[in-house]
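Counting convention: from 1, in listed order, for ligands and their atoms alike.
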Amino acid sequence: MSNKILVCDDEEGIRESLKLILADNHELILTDNGEQCIDALKNNSDIKLVLLDIKMPKVNGLDVLKNIKEIYPDMNVIIVTGYKSVETASEATQLGAAGYIVKPFKSDEILETVKKYVS
Ligand SMILES: [Mg+2]
């Protein structure tokens, strides 16, 4: 069974943190923009979970989420963002996000959440 996780965040520090937390037990694909994120999904049919940032320079994470859900309605997407707002959280949920993690996150939070979707 696949344990592949796709990360999309424009900040290198966040991608590196997630890598430190997850790389021992998961196969990771790291991307830094929405276009790369969608490409990675198209090229890897065994991705089980997407960890998606909201604030990114080119394409906003909510638009990336919309796009993902149009193409892969059943894909698990967790929003990981420093942009703490109830509106964004509920919009993301309405768009089909499975959950929401606010930065700065603790490694336990990431591991607990990921465990629900990836073995
Ligand atoms: Mg960002």
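Taking the charged nitrogens against the carboxylate oxygens, Asp63 and Lys66 do have a contact shorter than 4.0 Å, which makes a salt bridge. Taking a cutoff of 4.0 Å between a charged side-chain nitrogen and a carboxylate oxygen, Lys58 and Asp10 do not qualify as a salt bridge. Residues Lys4 and Asp46 are paired through a salt bridge, judged by an N-O separation under 4.0 Å between the basic side chain and the carboxylate. Ion pair Lys106/Glu109 not flagged as a salt bridge, since none of the NZ, NE, NH1 or NH2 atoms sits closer than 4.0 Å to an Asp/Glu carboxylate oxygen.
Between atom NZ of residue Lys55 and atom CD of residue Glu11 there is a gap of 10.5 Å, rounded to the nearest 0.5 Å.
Backbone or side-chain N, O or S atoms of Asp9 do not reach the Mg ion (ligand 1) at under 2.8 Å. Not a single N, O or S atom of Glu11, from either the backbone or the side chain, sits less than 2.8 Å from the Mg ion (ligand 1). At least one N, O or S atom of Lys55 sits under 2.8 Å from the Mg ion (ligand 1).
Nearest to the Mg ion (ligand 1), among the N, O or S atoms that Asp10 has, is OD1. Here the N, O or S atom of Asp53 that is nearest to the Mg ion (ligand 1) is OD2.
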